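Please read the structure below before turning to the comments.
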Amino acid sequence: MKFNILYTDKESKARTGLIKTSHGDIETPIFMPVGTLGSVKGIHQWELSDDIKAQIILGNSYHLYLRPGLNVLKNAGGLHGFMNWNGPILTDSGGYQVFSLAENRKLTSEGAVFRSHIDGSKHLFTPENVVDIQRTIGSDIMMAFDECAPYPSEYVYAKNSLDLTHHWLDRGLNHFDSTEPYYGHEQTFFPIVQGSVYKDLRIKSAEFIAQKNCYGNAIGGLAVGEPAEEMYEMIEIVNNILPKDKPRYLMGVGTPVNILESIALGIDMFDCVMPTRNGRNGMIFTSQGTINLRNEKWKDDFSPVDTNGTSFVDKTYSKAYLRHLVITKEILGAQIASIHNLAFYLNLVKQAREKIKDGTFLTWKNGMIKQLSTRL
RNA sequence: GGGGAGAUUCCAGAGCGGCCAAAUGGGGCAGACUGUAAAUCUGUUAUCUUACGAUUUCGGAGGUUCGAAUCCUCCUCUCCCCA
């Protein structure tokens, strides 16, 4: 995998770049749609590639390991072929599930013992077998197994958690280096900076991660409930330490505003369930602001879903119709809203890339943030 | 014609003397959602009031009772069964 920086902004830390993978190139800054179970919920693969213009999508080790299971994935020759997505795939390690399924797991220095949320069966995830799982999935970018500390966390908890994550990282990296891809294409491994909202821990973690010299680096454990300002502060501190010539991936973030602010701080990659989940729940993001389609005010609004939208759904359907579909829980409503939101996110980062190239990023960003914060 | 059941807050439907402005669903209205256990969850839904609280509600009219959606009388209307 290669990463080249193309343009750097003079007024901020923003930059554009190109990541080359065995499954194609990724222009950064990029947003990566989340496809936990081998499907970006409600979206066809051709819609992802041809309409939404997704350049890379996510999968999840924990979920795919439980279902369909490693045998199926291996027999399918990996996730790309199984789901018929030929672009790049990044897999999360299951570290987030350590956090979100906290009642069903126990952490030891060996790893994390899980109870499946599906049938209660017991499973052990270790830094090593999580690499194996991601080898079996065949993701282009695999993530280290980490603990995403909850917010708020006591300093001592955050520190111990960080030590565990670093310990796991060394083991995961060793295992990665001593194993080979199964399907003939290149795989890379991203370590994850943790440290909750404690500056010294974030600095320590960023320094630890930076010297591993991986192809790219991730920042985790943010947008878990802390104020946005604290998140930006952490990003700034960490990005001052993480190498400039490597892609930086801010995990699980976020709102359109979060993304623009983080691009300005030097982040290159994002993923978030927000466009799809909120879409399914009737919220759409537009360049004018956010819209809760379930609100009565849209009942008779026959204007297009988004006059500035780039997806075919934006011109094909009206707000009133989409509202009707959402209210009546028609599946098509969830699909249209998800397609719209993902296209909006992808177009947002595309515009950001263009503005960075033009040297007008900061002014544009500040104007956009004002609009995007509007509640229509 | 004979016999029986019932009318409850937007709807369905509990409640059968005080803990009832009335369970629970649904619908309506609003909020949440950030490396997806989410096509999910939460709040609210008589009127007035910021609130405390106050005032009218359970087909209609009377009555019994300290107190009635709940008991009694009459009226109106609906539904079911047998002819």
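Side chains are part of it too, since the values below use all heavy atoms of this structure and drop only hydrogens, waters and symmetry mates. Chain identifiers are assigned alphabetically (A, B, ...) following the order of the sequence lines, protein sequences preceding nucleic acid strands; residue numbering begins at 1 within each chain. Everything numeric in this text was worked out from a predicted model, so none of it was measured.
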Partner lookup for rU78(B), please. Criteria are Watson-Crick or G-U wobble with both distances under 3.5 angstrom; report none if nothing qualifies.
rA5(B)
Gln194(A), nearest nucleotide to its side chain (from rA30(B), rG35(B), rC33(B)):
rG35(B)
Pick the C1' atom in rA54(B) and in rA21(B), then give their distance to the nearest Å.
13 Å
Look at Arg280(A) and rA38(B) and indicate whether a side-chain polar atom (N or O) is within less than 4.0 Å of OP1 or OP2.
no
rU42(B) versus rC33(B) - spacing of their C1' atoms, nearest Å:
11 Å
What distance, rounded to whole Å, do you find between the two P atoms, one in rC16(B) and one in rG6(B)?
14 Å
Could you tell me whether Gly225(A) contacts a base, only the sugar-phosphate backbone, or nothing, with contacts defined as non-hydrogen atoms closer than 4.0 Å?
nothing
From rG35(B), rA37(B), rA32(B), pick the nucleotide closest to the side chain of Asn281(A)?
rA32(B)
Which is true for Ser116(A) with a 4.0 Å heavy-atom rule: it touches a base, it touches only sugar-phosphate, or it touches nothing?
nothing
Is it possible for you to check whether Lys212(A) lies under 6.0 Å from the centre of the six-membered ring of Phe208(A), through NZ or CZ, and within 45° of that ring's axis?
yes
Tell me the interatomic distance from Asp92(A), atom CG, to rG35(B), atom C1', rounded to whole angstroms.
4 Å
In Watson-Crick or G-U wobble terms, with both distances under 3.5 Å, the base opposite rU24(B) is rA12(B)
I need the CG-C1' distance between Leu342(A) and rU34(B), as an integer number of Å.
14 Å
Counting heavy atoms from C-beta on, name the nucleotide in rU36(B), rU34(B), rA37(B) closest to the side chain of Thr255(A).
rU34(B)
Gap in Å between the two P atoms, one belonging to rC58(B) and one to rA69(B), rounded
7 Å
Taking a pair to mean Watson-Crick or G-U wobble geometry with both distances below 3.5 Å, rA69(B) pairs with none
Mate of rC19(B) where both pairing distances stay under 3.5 Å, Watson-Crick or G-U
none
Using atom P of each nucleotide, how far apart are rU73(B) and rC19(B) to the nearest Å?
25 Å
With respect to the side chain of Glu296(A), which nucleotide from rC29(B), rU36(B), rU40(B) is positioned closest?
rC29(B)
Describe the nucleic acid contact of Arg323(A) in one word from base, sugar-phosphate, nothing, applying a heavy-atom distance below 4.0 Å.
sugar-phosphate
rA83(B): pairing nucleotide in any strand, Watson-Crick or G-U under 3.5 angstrom
none
Are the side chain of Glu47(A) and the backbone of His44(A) linked by a donor-acceptor contact shorter than 3.5 Å?
yes
Respond yes when some side-chain nitrogen or oxygen of Asn295(A) is under 4.0 Å from OP1 or OP2 of rC29(B), and no when none is.
no
Winner on side-chain proximity to Asn278(A), out of rA37(B), rG35(B), rC33(B), is rC33(B)
Base, sugar-phosphate, or nothing: which does Asn60(A) touch, judged by heavy atoms less than 4.0 Å apart?
sugar-phosphate
If you find the nucleotide of RNA chain B closest to Leu58(A) and the one closest to Ala334(A), which residue's nucleotide is nearer the 5' end?
Leu58(A)
Rounded off to whole Å, could you give me the CE-to-P distance for the Met283(A) and rU42(B) pair?
18 Å
What is the distance from CG of Asn258(A) to P of rG35(B), rounded to the nearest Å?
11 Å
Under a 3.5 Å cut-off for both contacts, is rU40(B) paired Watson-Crick or G-U wobble with anything, and if yes, with which nucleotide?
rA32(B)
Among the nucleotides rG35(B), rA39(B), rU34(B), which one has an atom lying closest to any side-chain atom of Lys41(A)?
rA39(B)
rA39(B) C1' sits how many Å from Ile336(A) CD1, rounded?
14 Å
C1' atoms of rC80(B) and rG15(B), separation to the nearest Å
24 Å
Using the C1' atom in both, what is the distance from rA22(B) to rU45(B), to the nearest Å?
14 Å
Is the distance between the ring centroids of Phe31(A) and Phe270(A) under 6.0 Å?
no
Please state how far atom CZ in Arg277(A) lies from atom C1' in rG31(B), giving the value in whole angstrom units.
16 Å
Aromatic contact, Tyr345(A) with Phe285(A) (centres under 6.0 Å)
yes
Closest nucleotide among rA38(B), rG35(B), rU34(B) to the Tyr249(A) side chain:
rG35(B)
Taking only N and O in the side chain of Asn292(A), is any of them less than 4.0 Å away from OP1 or OP2 of rG31(B)?
yes
Nearest whole angstrom, please: distance from the C1' of rA37(B) to the OH of Tyr96(A).
12 Å
OP1 or OP2 of rG35(B) versus the side-chain N and O atoms of Gln97(A): is any pair under 4.0 Å?
no
Salt-bridge contact Lys365(A)-Glu261(A) (side-chain N to carboxylate O under 4.0 Å):
yes
Arg375(A) side chain: which of rA32(B), rG35(B), rU34(B) is closest?
rA32(B)
Using the C1' atoms only, state how far rC72(B) lies from rG31(B), rounded to an integer number of Å.
49 Å
Does Ser303(A) reach the side chain of Lys319(A), with side-chain heavy atoms less than 4.5 Å apart?
yes
Hey, would you say the Phe114(A) and Tyr62(A) ring centroids sit under 6.0 Å apart?
yes
So Arg105(A) and Leu107(A), do their side chains get closer than 4.5 Å, heavy atoms only?
yes
With a 6.0 Å cut-off on the ring centroids, do Tyr96(A) and Phe99(A) count as close?
yes
Please state how far atom CG in Leu293(A) lies from atom P in rG31(B), giving the value in whole angstrom units.
12 Å
Let me know, please, whether Lys299(A) or His63(A) comes out on the 5' side of the other along RNA chain B by nearest nucleotide.
Lys299(A)
Ignoring hydrogens and angles, does a donor from either the side chain of Ser100(A) or the base of rU36(B) sit under 3.5 Å from an acceptor on the other?
no
Does any donor-acceptor pair link the side chain of Arg294(A) with the base of rG31(B) at a separation under 3.5 Å?
yes
Look at all strands and tell whether Ile327(A) reaches a base, only sugar-phosphate, or nothing, counting heavy atoms closer than 4.0 Å.
sugar-phosphate
With both distances kept under 3.5 Å, what pairs with rC58(B), Watson-Crick or G-U wobble?
none
